[in-house]
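Below: one structure, written as structure tokens.
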Amino acid sequence: MPAERGPGERLDRARGGSLRHGLLFRLLSGSILVAVCSITATAWLAVQRTSESITVQQGETLAVDTHIHDTLLGYAATHRGYSGVGETVRDLAEETGRRIVLTTEGRAVIADSAEGSPPLPSRISSVVDPLAVDVTLAAEDGDRIDPRAVGPFALTDHERMVLRAKAEEGVACLDTMYMIQAEVVTAPTGRPAVDTPRGEIGESAWIDCGLDALDVPSGSEEDALKELNASVTDCGDPSGTSRFEYAIDGAAGALVIRPAFGGDPASPAGDEARAPADPADPDAPAEPTPGDGRGAGTDAEPGGDEPSPPEEWEGWNAPSEPTAGAPSEEVPEAFVPDIHEDVFPSEAPRSGLDPSGAFSVRIPPETAACFDTARREQLDPHVAPAALLFIDDLSEGPESGLSLSREGVLRVGGMALLVLVLTVVVSATLATRLLRPVHALTTAVRRMRAGEEPTRVEVRDSGEIGRLAEAFNEMTEHLERAEEQRRAMVSDVSHELRTPLSNLRGWLEAVQDGVVDPEPEHLEMLVGETLLLQAVIDDLQDLALADAGRLRLSPEPVAIGPLIDQVVTGHGLRAEEAGVRLVDESEDMTLVADRTRLLQALGNLVGNAVRHTPESGTVTIRTRRSDGEAVIEVTDTGVGIAEADLPYVFERFWRADKSRNRRTGGSGLGLAIVRGLVELHGGRVSVRSTVGKGTTFTIRLPSAGPPERGPAGER
């Protein structure tokens with residue numbers, strides 16, 4: 001049976017342990033974990049804070065730019081030029097902390113809040129034009145024509161007072177008679193408008209409370225309205241059957257576009273409340289229609305017959321023209337029914353939130369464009385020309401960065417503290433787990449140094465620390481065996497030397513005292529004891545030289561056949577006396593070895609086999625070649641060796657018979673010397689045995705000879 005694996009083989013096996021238990025892997029894992037957490041937290045904070053800062057900054061910038069644009073737009077809408085805009089620009093710059101520059105379309109500076117006239121900013125912020133408003137920068141959703149650009153439609157103070165009194169009386173009437181909560185608001189022209197939370201007032205309630213008086217243009221508005229309607233005469237159908245005109249909507253306090261059914265198109269109070277005359281009878285009077293609340297139907301009887309719209313309007317689905325003060329450039333769909341469905345409802349809603357009033361109509365795009373052009377031409381002399389607006393943030397420089405708020409600083413600090421705590425916890429945990437076995441090893445070494453019995457440490461993993469603990473345990477085991485061998489060697493050497501020395505002393509004292517005579521047989525016995533002492537001392541010397549690497553070899557080509565014959569002849573007499581048969585089954589081959597040392601090793605094996613083989617037994621010597629090696633086997637049919645004793649057969653002074661009887665064993669050094677000599681030749685020796693059947697010792701030697709050795713014997 002093969003011998004137990006040595007410490008080197010166990011270390012090689014342990015070295016292939018799982019990488020995840022390695023010290024390097026653990027340290028790298030901890031570092032990577034901390035690094036990933038730190039990077040993730042930092043990246044998350046950076047993205048979070050940067051996104052928030054950019055969003056807030058963009059919102060603030062847009063709000064400031066919108067405020068500046070709207071203020072200057074209001075100035076342009078209420079002034080014919082920019083002669084006094086400098087003070088407004090400086091006030092805005094002081095309020096917002098921005099540099100504001102207003103120039104003509106040719107980039108001639110009109111007003112600049114910065115001193116010294118530095119170069120203009122590279123980017124235009126917006127265009128200030130009250131007749132072409134950029135709706136994306138408007139303070140409120142509005143028309144492309146700024147509602148503050150009223151021009152000739154601005155009311156005098158007296159007209160404002162009169163109309164407001166009528167509006168307040170009508171609102172009080174709505175509250176008393178119809179339980180409608182309304183309030184009077186002022187339009188940019190100074191005209192009062194009626195606004196309700198629900199946004200609707202019935203046509204009958206509007207007329208009953210006298211609010212239809214608000215639909216009548218005042219003296220200052222009448223001329224401007226005639227002029228505007230005169231300029232839109234050619235807009236629409238030239239035949240006059242599908243024309244539109246501007247009118248005053250009292251609910252919205254602004255201009256609206258409505259169909260013009262005959263009469264003087266320039267007159268807002270002409271026949272627009274009546275249906276057009278029959279083309280076959282141009283002189284026939286038009287039948288009145290219900291009052292529309294725009295001041296044109298004050299003489300109409302409520303509940304009268306409702307006219308039908310002209311057939312030319314059937315199926316129109318064009319967007320209606322925007323009006324001054326309208327919430328958007330296009331009338332909402334909810335307020336624009338198709339003309340063939342219900343153009344003149346008997347109970348039309350009236351509201352300041354519905355600037356198109358009762359006549360919510362759709363007109364062709366070319367007609368809407370024509371009306372819009374007419375309004376712009378009328379307002380153009382009353383507003384300032386278009387100008388370029390430049391806005392520059394003086395606090396933003398090329399090196400300026402995002403600053404964190406107090407909340408941001410606290411969040412960043414808290415995250416950094418969390419990462420620091422995590423790092424400390426992970427590092428402390430790893431360090432504790434790594435140092436625990438190191439501390440156990442240190443304690444065990446100190447106990448051994450203090451003279452206590454060697455102790456073993458517990459192996460919990462297969463990493464570097466686990467392999468270190470296993471190596472320490474193997475070293476402890478080796479030290480224990482070495483200590484046991486030292487003690488056994490001292491005892492065995494003293495025993496081996498005491499017996500022959502005692503015999504020599506006893507017989508010499510007997511001869512000296514004259515008790516016995518120095519007869520030849522007594523002298524022969526004393527010489528034998530002396531030879532035994534010499535053999536023990538020689539064996540000890542050979543082992544000491546082998547251990548120190550100072551045992552010299554004289555390698556030469558050796559024929560195995562003659563060498564085996566010499567061994568058989570040398571042990572033939574002893575074998576014959578013991579009744580044991582020696583059999584030589586060796587092959588004829590040659591190897592490079594030290595003849596004397598090889599003869600000594602084989603002699604020890606054959607002598608040991610003869611000693612442990614009972615009478616009528618056989619000792620066989622065989623040789624063969626295998627994989628470039630010379631294999632020598634010595635097999636006996638003796639009592640065998642127990643499996644538990646096989647690992648110790650090559651130990652010094654080891655004997656299966658613990659009584660150390662000379663008849664059952666020698667000095668206990670023979671097999672130890674065999675192993676030393678074989679290893680010195682670069683070979684190896686092994687044993688297998690079966691109790692009651694016999695034992696086989698196998699020597700394997702390189703055919704090319706022993707390896708070269710240094711001056712001290714090291715390979």
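Position 1 is the first residue of the sequence, and the numbers go up from there.
- Put simply, CZ on Arg597 and CG on Leu602 are 13.5 Å apart, with the number rounded to the nearest 0.5 Å.
- For the atom pair CG of Leu598 and CD1 of Ile560, the computed distance is 5.5 Å after rounding to the nearest 0.5 Å.
- Here the closest non-hydrogen pair linking Leu671 and Phe650 is O-CD2, 3.5 Å.
- A donor-acceptor pair shorter than 3.5 Å cannot be found between the side chains of Arg595 and Gln600.
- Ion pairing between a basic and an acidic side chain is recognised when a charged N comes within 4.0 Å of a carboxylate O; Glu587 and Arg624 show no such pairing.
- Atom CD of Glu576 has 12 or fewer neighbouring heavy atoms from other residues, nucleotides or ligands inside a 6.0 Å radius.
- Comment: Glu629 does not engage Arg625 in a salt bridge, judged by the lack of any side-chain N to carboxylate O separation of less than 4.0 angstrom.
- Inspection of the Ser586 and Arg622 side chains reveals no N or O donor paired with an N or O acceptor under 3.5 Å.
- Residue Cys37 holds its SG atom at 5.0 Å from CG of Leu422, rounded to the nearest 0.5 Å.
- Atom CZ in Arg684 sits 15.0 Å away from atom CZ in Arg675 (nearest 0.5 Å).
- Counted within 6.0 Å of CG on Asp627, heavy atoms from surrounding residues, nucleotides or ligands total 12 or fewer; the atom is thus considered open.
- Closest non-hydrogen pair, Met448 versus Phe472, comes out as SD-CZ, 3.9 Å.
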